[in-house]
Amino acid sequence: MAVRRLAPKEQQPKDFAFTPENLEWAKKQLTKYPDGRQASAVIPLLWKAQEQAGGWVPEAAIRYVADFLDMAHIRVMEIATFYTMFNLAPVGRFHVQLCGTTPCRLRGAEDLIHVCEKRIGHQFDVTPDGALSWVEVECLGACVNAPMAQINFDFYEDLTPESFAKILDDLAAGKEVKPGPQIDRQFSAPVGGATTLLEPALEGASAPKTSGPALTDSDAKKPGAAARVREAAVPKPPVADSSDKRKK
C-alpha cells in the first residue's frame with residue numbers, strides 16, 4: 001500500500017463541526033452500539049464528515065470525530081489513513097475511481113488511465129475549475145462490465161476511451177450523464193440481448209399455482225423444528241467379525 005499522508009497545512013481548514021442535521025444523524029448512530037462501544041461508529045462518522053467536507057477528510061474533521069467519540073486523536077488518524085475510502089486531500093466535484101485490476105486491464109483500463117492523465121493530470125490532481133479528480137483503485141466488483149469506473153456514487157461501465165472522455169467532459173460542463181453500461185446492454189446481461197430461454201413455448205407461461213398468496217418479507221414466517229432436535233439414537237447390538245475367537 002502506498003504511504004497516505006494528510007494534505008498540506010495550507011489546504012487544511014482551521015476547524016470542523018457537523019451541521020445540525022449531521023449532528024443529529026451522528027447521535028442516532030451511537031444508539032446502535034452498546035454502552036462503552038460507541039467507538040465502533042468511527043467509520044460511518046468519518047464517512048459523513050467526508051461527505052460534508054466535499055469529498056475528503058480534513059485533519060480538523062479527524063480531531064472532531066475523535067473528540068465526539070471520546071477516542072484518542074491518533075486512533076482515528078490511524079483509521080482515516082488506513083482505509084482508502086477516505087480521501088485525505090481535496091478532490092474534484094466529480095471524483096473518478098478508475099478500476100485498474102486484471103479484468104479491467106485486459107479490457108482496456110490502460111487506455112482509460114491515459115484519458116485521465118490527459119484530461120485531469122496525475123492521480124489526485126484537481127482540474128483548475130474544481131470539477132474533476134481521479135485515482136486508480138482495486139476491483140469495484142463489476143468485472144463483467146469491464147472496463148469501468150466509479151464517479152462519486154455511480155458506476156460507469158463498458159467504457160471506451162471515447163465514451164469515457166465524453167462522460168468527463170459532460171460532467172465538467174454540468175450536463176446530465178447516464179450511469180451504468182455505456183453500450184447496448186441491460187445491466188450485466190449479455191451484449192445484444194438475451195441468449196437463453198427464447199423458446200416460443202416459454203412465452204406466456206404462468207408461474208406454478210400455490211395454495212395461497214405468496215409471503216412477503218413483512219409477513220411472519222413460521223419457525224421450523226430446530227436443527228439440533230433429533231430423535232434419540234437406538235443402540236444396536238455388536239456385530240461379530242472374524243476377530244471374535246470365542247466359540248459359541
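Heavy-atom basis, side chains included; hydrogens, waters and symmetry copies ignored.
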Checklist entry - If every non-hydrogen atom of A41 is compared with every non-hydrogen atom of Y33, which pair is closest and at what distance? => result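 Distance-wise, the nearest heavy atoms are CB-CE1, 3.5 Å.
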Checklist entry - So, for L132 and A172, which heavy atoms are closest and what is the spacing to 0.1 Å? => result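 Taking every non-hydrogen atom into account, CD1-CB, 4.3 Å.
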Using a 3.5 Å distance criterion without hydrogens, assess whether the side chain of [X] forms a donor-acceptor pair with backbone atoms of [Y].
X: N22; Y: A49; result: no
X: W25; Y: L45; result: no
X: S133; Y: V126; result: no
X: E24; Y: A26; result: no

Item to check | ring pair (Phe, Tyr, Trp, His ring centres under 6.0 Å) evaluation trace for F124 with H95 | outcome: CA-CA 9 Å; F124 283 108; H95 183 54; 5.7 Å; yes
Within a reach of under 6.0 Å around [atom1] of [X], are more than 12 heavy atoms found that belong to other residues, nucleotides or ligands?
X: D70; atom1: CG; result: no
X: Q11; atom1: CD; result: yes
X: K118; atom1: NZ; result: no
X: E10; atom1: CD; result: yes

Compare all side-chain heavy atoms of [X] with those of [Y] and state whether any distance is below 4.5 angstrom.
X: M77; Y: L6; result: yes
X: C99; Y: F155; result: no
X: V42; Y: F68; result: no
X: I167; Y: Q182; result: yes

Next on the checklist: Under 3.5 Å, is there a donor on one side chain and an acceptor on the other for Q29 and K32?
Outcome noted: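 Checked: Q29/K32 side chains pair up, N/O donor to acceptor below 3.5 Å.
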Item to check | Check against ring pair (Phe, Tyr, Trp, His ring centres under 6.0 Å), F164 and Y156 | outcome: CA-CA 8 Å; F164 185 45; Y156 296 84; 8.6 Å; no
Checklist entry - Which class fits the ring pair F86 and Y83: parallel under 30°, tilted 30 to 60°, perpendicular over 60°? => result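 Ring orientation, 0 to 90° scale: perpendicular.
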Interatomic distance, [X] atom [atom1] to [Y] atom [atom2] [nearest 0.5 angstrom]:
X: L171; Y: R93; atom1: CG; atom2: CZ; result: 10.0 Å
X: Q123; Y: Q97; atom1: CD; atom2: CD; result: 11.0 Å
X: T102; Y: E138; atom1: OG1; atom2: CD; result: 8.5 Å

Checklist entry - Taking NZ, NE, NH1 and NH2 as the nitrogens, is one of them in R63 or E59 under 4.0 Å from a carboxylate oxygen of the other? => result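 Salt bridge present between R63 and E59.
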Checklist entry - Is any NZ, NE, NH1 or NH2 atom of the basic residue among E136 and R105 found under 4.0 Å from an Asp or Glu carboxylate oxygen of the other? => result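 Yes, E136 and R105 are salt-bridged.
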